[in-house]
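Worksheet for the structure shown next.
Keep in mind it's a predicted model, so treat the numbers as computed, not measured. Worth knowing before you read on, the calculation uses all heavy atoms, side chains too, and leaves out hydrogens, waters and symmetry mates. In the text below, chain A, chain B and the rest are named by the order of the sequence lines, each starting its count at 1.
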Amino acid sequence: MPEIPYDHRQIELKWHERWKDAELYRADPHSAAPKYYVVEMLPYPSGRLHMGHVRNYSIGDALARYMWMRGYNVQHPMGWDAFGLPAENAAIERGRHPREWTLSNIAAMKGQMHRMGFAYDWRLEISSCEPEYYRWNQWFFLKMLERGLAYRKQALLNWCPECGTVLANEQVVDGCCWRHETTRVELRALEQWFWKITDYAEELLRDIDEKLEGKWPERVLSMQRNWIGRSEGSEIDFRLESFSDRIRVFTTRVDTIFGATAVILAPEHPLARKLLDEKGRARAKQMIDARAQKGPGDIEKEGVFTGHHAVNPYSGEKLPVWIGNFVLMDYGTGAIMAVPAHDERDFDFCKTHGLPIVPVIRPVDGELDVNPKAAFVADGIVERSGEYSGLESAEARRLMNERAGRDGFGKAAVTYRIKDWGISRQRYWGTPIPVIHCPKCGVVPVPEKDLPVVLPDDVKFTGKGRSPLAEVDSFMNVKCPKCGGDARRESDTMDTFVDSSWYFYRYCDPRNSTAPFDSAKVKKWFPIDQYIGGVTHAILHLIYSRFFTKVMRDLGLVENDEPVANLFTQGMVLGADGTAMSKSKGNTVDPEDMVDKYGADTCRLFVLFAAPPEKDMPWNEASVGGQRRFLERVWRFVTRNLDRDAGAGDSSADRRVLRKLHQTIRKVTEDFNNRWHFNTSIAALMELINELYDDEKMLSRGALDQILPALVLLLGPFAPYLAEELWERLGRKGPVFRQPWPTYDPELAKEDAAEVVLQVNGKVRGHIAVRFGAPQAELEKLALADPKTQPFLAGRQVVKVIVVPDKLVNIVVR
RNA sequence: GCCCGGGUGGCGAAACCGGCAGACGCAAAGGACUUAAAAUCCUUUUCCCGGCAACGGGAGUGCGGGUUCAAGUCCCGCCCCGGGCACCA
């Protein structure tokens, strides 16, 4: 019988066509089956899928298909994070309109996703650049405004010269833009819109422990904890000698306050202007400018004495007030007390500026070091601190906070590192911020009934200057909704992270034209059972969407406190050079080439087999062939045994192969249920096919009839095209992923006998086959009598025999 | 500096609860088939020592200690790599 060749092109084309219109992957709103909502992070439509996408979506797709087979009602959507700078840059560089460029990219990538065989319910597709979508961004903006969660302020902001826009703190990496890793951000004073994520700092932190612990990767949780940066301490007012103003400082170490030798203000501090003379102000300005240019970290500690003094409320001591370039205006109160003996930074500063160093904390089991060479920063016993002397640090802090409250000069206080989310962007391709600036009424929100504020199409892209929208008179000129007078629209657009903060809710009701979604529909699916994406979004997207969910909950739109019950972060795809694949490094591989050459199934298998999904995946082009060979072996085995008249066969071969089959079902099922280590699932399937080849000639028809369909079903989540084609050739009806997942019989999976390892003094000396459950005494006897162990026992005394039933006997001799 | 990961053959990896280290795959070498090549199939492949040989012995999971009958796995102290945070008071 001639072999039928495995022609991936023909097979994939055939099923591609059949799947296209079949609407196979619909979630059923009326199903009684338990729901399972799986979402992969939506891509930016750059025009081509890259390997990172393929990896992300192959993991999610395998899971979705598996859960269908397990009988769940699965919702598995896909969409487009369609606003963003590259579209605008394409417009500047190539004269293509961002909309047209974006839409053609979406069409291309959607085609690639179809080719990959990803099982999405495309009826739920959303695209954030459509007015039907972004009008709800605007609606949320208005709600934030109503609730006092949106505000406008002038601030020093991170400006990326490459992007031509400001960035949120989360979008600055090592002082550089997150999209342009070599472009330093500059600080610019601008007026822009902020969202009060800080109002939710405490809850965002608490729910990490209460709701996410154990369900999100520890790495992501620790990054978020870090980012929120909760810090407990005290706020203490220092009275100025020469003015009525007080300087409020934040400190975590009020127990060291008797060691304070100065009070230091940030150069931007409002009091700095007042205290400094002309010359001092010029120095302060220099410090501010230097910081704007250099970026943090590589700045020498500089300072200026203001000539004024403040009074330590505990000791009554007079402390000089300085300006210091290392004091940050936007953390704490913008002012600190300097305790050089117990803080490294203060130590540095005071050393260089000749300020005294006064130690007041001694180690619990040591002496007070009166002439320290470095700061002693640990807690200890408070000394030289009046009534607090002799107390432990923690107790001193407690009592000192009490005293501050009682006497009205301070209190216990909590400070967070996280700052409000700056959402204004001086770019075109984003959601217009729905406010109007009226010369008479000031900032006026666009009335809800006038939403959406639609992006105009006729915009000039010069790549220079400010928001492109500001140049479009037909957009900008508007009547004030309040007084009817001439007014101007806001010309900034929203950060695109707004779009992705709630898109997975919109999937549940994507065409709703009266609300962002119907809460009942969302309630059916939320929280997301499994969210899958790159770890790069650990603190960007993933903290913004947690914030958004909490706001939506407080608006009464959703009932869940968190959007994502379980998070999985897959590792990066590394290039051949061992660093992350990226266009700028030129080490990318286009998945399309691989799909052309080897087929989508091989490509999917390849990304799943190369490494466990949470680990970074090294690139090794050569091993693709191995995956292809495996699929061909499956193909050949199934096709040539479809209706081979195998007869009664050899019952021992049947038993061997069926045992392997059931062991494989067990292995693959466990991998899906526990760790998603699909590399080992696929390895198990390879072992099965190896075993089948070994025993092929001896198998009975009956055994083949059990094995072939099970093998095809097991392959379904990983290689859907091949599975579907073979399923049809087996004469079966219906799509593979709608078949019940094969179950294993523990009895059939069991080996005939336990292989027990024989050790002498921990070294392997032999093996014996014993029936399962053989009593310990019997195993011990067999081990002592075994010819393999005998030579190592001769002339020695048996001290002890360790028996692990069905596994191992270790004879300890002396 | 602090907080997470991680370090196992030539390479990617496996060993999930302390019980045979290296499953599975890649690459390499040898062989079968072939006029030949490709494809396919079979064999070998951690290192060292002994043996013509099936085989036998020893060492071995970044380094040094420890616990244990038994350690890649647990504990202590280091080194290296990746990631995050970092004048955050």
Side-chain angles (χ1 to χ4, degrees), chain A residues 3 5 173-174 217-227 229 231 233-234 249-253 256 264 291 296-301 324-328 330-339 342-346 348-349 377 415-419 535-536 538-539 571-572 574 578-580 605-606 609-612 614-627 629-630 632-633 636 670-671 674-675 677 679-687 689-690 693 755-767 791 799-804 807-813:
Chain A
E3 284 200 349
V173 180
D174 284 337
E218 195 49 47
R219 183 159 59 134
V220 173
L221 297 183
S222 99
M223 281 163 75
Q224 291 211 357
R225 280 193 197 99
N226 249 321
W227 189 259
S231 177
S234 321
V249 307
F250 175 76
T251 177
T252 54
R253 292 298 304 275
T256 65
I264 311 178
R291 193 147 70 187
D298 39 33
I299 288 182
E300 287 284 301
K301 283 191 182 55
N325 67 342
F326 69 103
V327 179
L328 306 173
D330 52 7
Y331 181 79
T333 59
I336 62 159
M337 61 179 199
V339 184
H342 304 296
D343 181 285
E344 282 167 17
R345 297 151 301 180
D346 297 347
D348 270 11
F349 184 84
V377 297
T415 290
Y416 299 90
R417 206 189 72 99
I418 191 170
K419 287 165 197 141
V535 75
T536 39
I539 39 184
M572 286 184 298
L574 307 179
T579 65
L605 221 52
F606 170 74
F609 183 74
E614 74 279 5
K615 276 189 68 177
D616 287 350
M617 186 191 116
W619 190 253
N620 181 7
E621 181 95 43
S623 72
V624 184
Q627 307 312 309
R629 266 194 291 280
F630 165 61
E632 287 182 355
R633 277 163 71 80
R636 282 201 304 272
E670 280 172 359
D671 279 338
N674 301 332
R675 305 191 301 172
H677 279 197
N679 54 330
T680 60
S681 311
I682 294 164
L685 287 162
M686 289 171 166
E687 284 187 57
I689 206 78
N690 291 346
Y693 269 69
E755 197 191 14
V756 172
V757 176
L758 304 182
Q759 296 184 335
V760 178
N761 283 351
K763 287 196 195 303
V764 180
R765 297 302 178 188
H767 301 83
V799 181
K800 201 192 229 180
V801 181
I802 311 281
V803 181
V804 184
K807 274 202 160 162
L808 167 142
V809 180
N810 188 11
I811 304 164
V812 186
V813 298

Query raised in the report: Separation of A:Leu605 atom CG from B:C26 atom P, in whole Å?
Result: 12 Å

Requested in this report: Would you indicate, yes or no, if B:A89 has its OP1 or OP2 atom less than 4.0 angstrom from a side-chain nitrogen or oxygen of A:Tyr331?
Outcome: yes

Requested in this report: Could you tell me whether A:Arg629 contacts a base, only the sugar-phosphate backbone, or nothing, with contacts defined as non-hydrogen atoms closer than 4.0 Å?
Outcome: sugar-phosphate

Report task. Count the heavy atoms belonging to other residues, nucleotides or ligands that lie under 6.0 Å from CZ of A:Arg636, then report whether that count exceeds 12. Result -> yes

Report task. Assign A:Val327 to base, sugar-phosphate, or nothing according to its heavy-atom contacts below 4.0 angstrom with the strands shown. Result -> base

Report summary line: Under a 4.0 Å heavy-atom criterion, the protein footprint on nucleotides 66-71 of chain B, written with B, S and -, is ---BS-

Query raised in the report: If you check every side-chain atom of A:Val764, which of B:C20, B:G58, B:A14 has the closest atom?
Result: B:C20

Requested in this report: May I ask you to say what A:Arg417 touches in the nucleic acid, namely base, sugar-phosphate or nothing, with a heavy-atom cut-off under 4.0 Å?
Outcome: base

**Report entry** Side-chain N or O of A:Ser231 closer than 4.0 Å to phosphate OP1/OP2 of B:A89
**Finding:** yes

Query raised in the report: Do side-chain atoms of A:Asp616 reach the backbone of A:Met572 as a donor and acceptor pair under 3.5 angstrom?
Result: yes

**Report entry** Check ion pair A:Lys419-A:Asp330 (N to O, under 4.0 angstrom)
**Finding:** yes

Report task. For A:Phe326 and B:A86, give me the distance from atom CZ to atom P, rounded to whole Å. Result -> 18 Å

**Report entry** Any donor-acceptor N/O pair, A:Asn761 side chain to A:Val813 backbone, under 3.5 Å
**Finding:** yes

Query - Rounded distance in Å between the C1' positions of B:G51 and B:G56 - result: 9 Å

Query - Phosphate OP1/OP2 of B:A13 contacted by A:Asn620 side-chain N/O (<4.0 Å) - result: no

Query - Gap between atoms CG and C1', on A:Asn226 and B:C2 respectively (whole Å) - result: 8 Å

Query raised in the report: What heavy-atom pair brings A:Ser623 and A:Phe606 nearest, and what distance separates the two atoms?
Result: OG-CE1, 3.3 Å

Report task. Send over the distance from A:His767 NE2 to B:G19 C1', rounded to a whole Å. Result -> 12 Å

Query raised in the report: For A:Lys763 and B:G56, what is the distance between atoms NZ and C1' respectively, to the nearest whole Å?
Result: 14 Å

Report task. Mind checking A:Gly626 for me? I need base, sugar-phosphate or nothing, with any heavy atom below 4.0 Å counting as a touch. Result -> sugar-phosphate

**Report entry** Most 5' of A:Met617 and A:Ile682 on RNA chain B, judged by nearest nucleotide
**Finding:** A:Met617

Requested in this report: Report which part of the nucleic acid A:Glu670 touches: base, sugar-phosphate, or nothing (heavy-atom distance under 4.0 Å, all strands).
Outcome: nothing

Report task. Grab the CE-P distance between A:Met686 and B:A23 for me, whole Å please. Result -> 14 Å

Query - Whole-Å gap separating C1' (B:G25) and CZ (A:Phe630) - result: 11 Å

Query raised in the report: Taking 4.0 angstrom as the limit, do A:Arg225 and A:Glu218 come out as a salt bridge?
Result: yes

Report task. Would you mind reading off the distance between A:Asp616 atom CG and B:G84 atom P, rounded to a whole angstrom? Result -> 11 Å

Requested in this report: Scan A:Asp330 against the nucleic acid and name what it touches under 4.0 Å (heavy atoms): base, sugar-phosphate only, or nothing.
Outcome: nothing

Requested in this report: Keeping the roles fixed (side chain from A:Asn679, backbone from A:Ala611), state whether a donor-acceptor pair exists under 3.5 Å.
Outcome: no

Query raised in the report: With a 4.0 Å cut-off on heavy atoms, is A:Ile539 in touch with a base, just the backbone sugar-phosphate, or nothing at all?
Result: sugar-phosphate

Report task. Determine whether any donor atom in the side chain of A:His677 lies under 3.5 Å from an acceptor atom in the base of B:C16, or the reverse, and answer yes or no. Result -> no

Requested in this report: Indicate, with a heavy-atom threshold strictly under 4.0 Å, whether A:Pro217 touches base, sugar-phosphate, or nothing.
Outcome: nothing

Query - cation_pi(A:Lys301, A:Phe326) dist<6.0 Å, angle<=45 - result: yes

Requested in this report: May I ask you to verify if any side-chain N or O of A:Arg633 is less than 4.0 angstrom from the OP1 or OP2 atom of B:A39?
Outcome: no

Query raised in the report: Counting any heavy atom closer than 4.0 Å, what does A:Val757 reach on the DNA or RNA strands: base, sugar-phosphate only, or nothing?
Result: base

Report summary line: On RNA chain B, more 5' by nearest nucleotide between A:Val624 and A:Gly229 is A:Val624

Query - B:G6 phosphate, OP1 or OP2, under 4.0 Å from A:Lys615 side-chain N/O - result: no

Query - Pair A:Asn690, A:Arg633: side-chain N/O donor-acceptor within cut-off below 3.5 Å - result: yes

